[in-house]
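Heads up, the thing below is written out as structure tokens.
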Protein chains: 2
Amino acid sequence: MADTARTRPAVPDTAGSFPVTVDVVALTVREGALHALVVDRLLEPFRGQAALPGGFVLPGETLEQAAGRELEEETGLTVPTGATGAGPWHLEQLRTYGPLGRDPRGPVLSVTYLLLAPAFGLPAAGGDAAEARWVPVDGNAGGLAFDHDHILADGIERARAKIEYSPLGAAFCPPEFPVAELRGVYEAVWGTRLDARNFHRKATGTPGFLEPTGRLGGGGPGRPAELYRLAAGVDPTAAVLHPPLMRPVSSGRAAPSA
Amino acid sequence: MADTARTRPAVPDTAGSFPVTVDVVALTVREGALHALVVDRLLEPFRGQAALPGGFVLPGETLEQAAGRELEEETGLTVPTGATGAGPWHLEQLRTYGPLGRDPRGPVLSVTYLLLAPAFGLPAAGGDAAEARWVPVDGNAGGLAFDHDHILADGIERARAKIEYSPLGAAFCPPEFPVAELRGVYEAVWGTRLDARNFHRKATGTPGFLEPTGRLGGGGPGRPAELYRLAAGVDPTAAVLHPPLMRPVSSGRAAPSA
DNA sequence: GCAAAAGTGTTTCTTGTACACCCATGA
DNA sequence: TCATGGGTGTACAAGAAACACTTTTGC
């Protein structure tokens, strides 16, 4: 074992060394349906096939920085790094896959992240970036490169579970939104219908969840809705919904695959 | 970019390559208190200091295999790999830390696992393995090497949250156990007292949680308790407790650090 | 006025919580 | 018999579910 210096111990040379990718399950709600972000691969392996946005971690980068960089390269949007809670975005680590049997190039570790975001437009195809697009995830998406179908399913299940007890549903909404929009998020993510009146009471009555802005959101038919924002100073990963807002038992509650 | 072959694309050479460790937060309940497994480090860095059991992933290993191997080397016990659900043990991935600023040897990624286990004895110190021991985690453990204090706190919080809605509390118990032992697990993990009678009703009345064995556990004073086992064929990570067994609001419910 | 959506009130039922009470054993 | 812990019954309160009803807008 080559001890370069007594003050700077070295990693044992029997240890493996692995390329590491960061892949992102980016979810949003558009037109009442849950969508995931995918890109068409420009390079082998799986060239031309859809995949989750992601790529290799570069030396000197943190995992979060790599996730933000890949998202920016492939969607043009800038995710404030360490953005857990800053703005409507929410980025959190999902889990790590690999290193064996998931990449034809050899052993590769993939650290995956879950991004919950309000709907946003994507740059047109072309340029140096692969085309990124939103695809609905109505149960049957499928067909992604690598083990990305599996990762996507795990990300969706995480999102479904998380909005039960955390205020993270608001991460799918713009900074100010009516209660009905938040309800639409829950309905899209869970794939169920919720009673508008009971949801309103529960959402507005839970301390540390919503905060009225005083403004009204006009536009559509019917009475204008009051606009709310996510309560200030609340950790968006904290369990503030006590008791939780639980999905109806009919809704899919599959455990994430081990 | 050196394309070694058209049929076997290579990892781009701008990608970083990282040593990867697996570290395990092993928790158990002994004498009514939650304990974590730590080992005393025999090598630099942090020689002589306590740390979570773990070590480098070797080439050709899966992460779970590495976790099982490290546990076996340091505690002498054999964790059936892919053991999610087999036997009373439960091993699940916690999260991944790094690669920057956590190891004086340089950038190292740590994939961490959470092991929930019934109390078991440990081999005596000496031999080629570091001494492993159980330490109580009454809030103030502290003093572990690397970022292991942080990882341990995340693991404890995961365990606290998980037993609310999954049958995993039984992973701390032997194959057959009285309801009171399971209640003791909840009390130790949450650091609260629970009403024995209501707990009994809830635990035995939840479908897919406990299964009577018909046997009685004698021994102590008082009426002998019926023994139960974890219900067969239930995914221990599935959320079977509906509605969940929720910890009293006074109990620590800190969100895992981002 | 009418339709549509927001928001409130009310009733019913389920569940958590607290605690009185009985059961089965050892000393 | 008493102490100890296992297990059941019951009353109360909090919350979920269902839905009638009022409010406020556009057409």
Side-chain angles (χ1 to χ4, degrees), chain A residues 32 163-165 173 176-187 190 192-229 239-251 253, chain B residues 31-32 163-165 173 176-187 190 192-207 209-229 239-251 253:
Chain A
I163 64 175
E164 283 194 325
Y165 57 87
C173 298
E176 299 192 357
F177 52 89
V179 177
E181 178 164 349
L182 182 64
R183 174 168 48 85
V185 165
Y186 276 82
E187 292 179 332
W190 285 347
T192 56
R193 301 292 295 174
L194 298 174
D195 184 281
R197 298 152 300 188
N198 292 333
F199 182 89
H200 186 279
R201 203 192 334 265
K202 174 86 177 181
T204 57
T206 298
F209 191 7
L210 299 183
E211 208 169 60
T213 65
R215 265 183 291 280
L216 292 180
R223 172 174 168 179
E226 296 179 51
L227 295 183
Y228 289 81
R229 72 173 77 87
V240 299
L241 277 59
H242 282 279
L245 237 172
M246 290 202 300
R247 30 185 164 164
V249 282
S250 55
S251 174
R253 196 193 305 282
Chain B
E31 294 144 24
I163 63 175
E164 283 195 326
Y165 56 86
C173 298
E176 299 192 356
F177 52 89
V179 177
E181 178 164 350
L182 183 63
R183 175 168 48 84
V185 165
Y186 276 81
E187 292 179 331
W190 286 345
T192 56
R193 302 291 295 175
L194 299 172
D195 184 282
R197 298 153 299 187
N198 293 332
F199 183 88
H200 187 278
R201 204 195 329 268
K202 174 85 178 183
T204 57
T206 298
F209 191 7
L210 299 184
E211 209 169 60
T213 64
R215 265 184 291 279
L216 292 179
R223 173 175 169 178
E226 296 179 51
L227 296 182
Y228 289 82
R229 72 173 77 87
V240 298
L241 276 58
H242 283 280
L245 238 172
M246 290 203 299
R247 32 185 162 166
V249 283
S250 55
S251 173
R253 199 194 304 287

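Just so it is clear: chains get the letters A, B, ... in the order the sequence lines come, proteins before strands, and each one is counted from 1. If you're wondering where the values come from, they're calculated on a predicted model, not measured in any experiment.
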Taking atom [atom2] of [N] as reference, at what distance in whole Å does atom [atom1] of [X] sit?
X	N	atom1	atom2	answer
Arg183(B)	dG7(D)	CZ	P	10 Å
Arg197(B)	dG9(D)	CZ	C1'	11 Å
Leu182(A)	dG7(C)	CG	P	12 Å
Leu210(B)	dG7(D)	CG	C1'	14 Å
Glu226(B)	dA24(C)	CD	C1'	12 Å
Leu227(B)	dG6(D)	CG	P	12 Å
Leu216(A)	dT25(D)	CG	P	8 Å
Leu245(B)	dT15(C)	CG	C1'	12 Å

Sub-3.5 Å donor-acceptor pair from the side chain of Glu187(A) to the main-chain atoms of Gly32(A), do we have one?
->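 No; zero donor-acceptor contacts below 3.5 Å.
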Between the main-chain N or O of Ile163(A) and the side-chain N or O of Tyr186(A), is there a donor-acceptor pair closer than 3.5 Å?
->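 Confirmed, Tyr186(A) side chain pairs with Ile163(A) backbone.
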Under 4.0 Å between any heavy atoms, over every strand shown, what does Ala196(A) touch: base, sugar-phosphate, or nothing? Just pick one.
->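 Ala196(A): no heavy atom of the nucleic acid under 4.0 Å.
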Pick the nucleotide of DNA chain C nearest each of Asp195(B) and Ala225(A); which residue has the one closer to the 5' end?
->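 On the 5' side of the pair lies Ala225(A).
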Assign each of Arg223(B) and Pro243(B) to its nearest nucleotide of DNA chain C by heavy atoms, then name whichever residue's nucleotide is nearer the 5' end.
->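 The residue mapped nearer the 5' terminus is Pro243(B).
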Are Lys202(A) and dG15(D) close enough that a side-chain N or O sits under 4.0 Å from OP1 or OP2?
->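 No.
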For dT8(D), take OP1 and OP2 only and decide whether either is under 4.0 Å from a side-chain N or O of His200(B).
->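 His200(B) to dT8(D) OP1/OP2: side-chain N or O found under 4.0 Å.
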Decide yes or no, distance alone: a donor-acceptor N/O pair under 3.5 angstrom between the base of dG9(C) and the side-chain of Arg201(A).
->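 Answer is yes: a donor-acceptor pair is held.
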Using every non-hydrogen atom in the two residues, find where [X] and [Y] come nearest and quote the distance to one decimal.
X	Y	value
Arg201(B)	Asn198(B)	NH2-OD1, 3.0 Å
Leu216(B)	Leu227(B)	C-CG, 4.0 Å
Tyr228(A)	Thr213(A)	C-CG2, 3.8 Å

Nearest to the side chain of Asn198(A), which nucleotide is it out of dA17(D), dA24(C), dA4(C)?
->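 Side chain of Asn198(A) sits closest to dA17(D).
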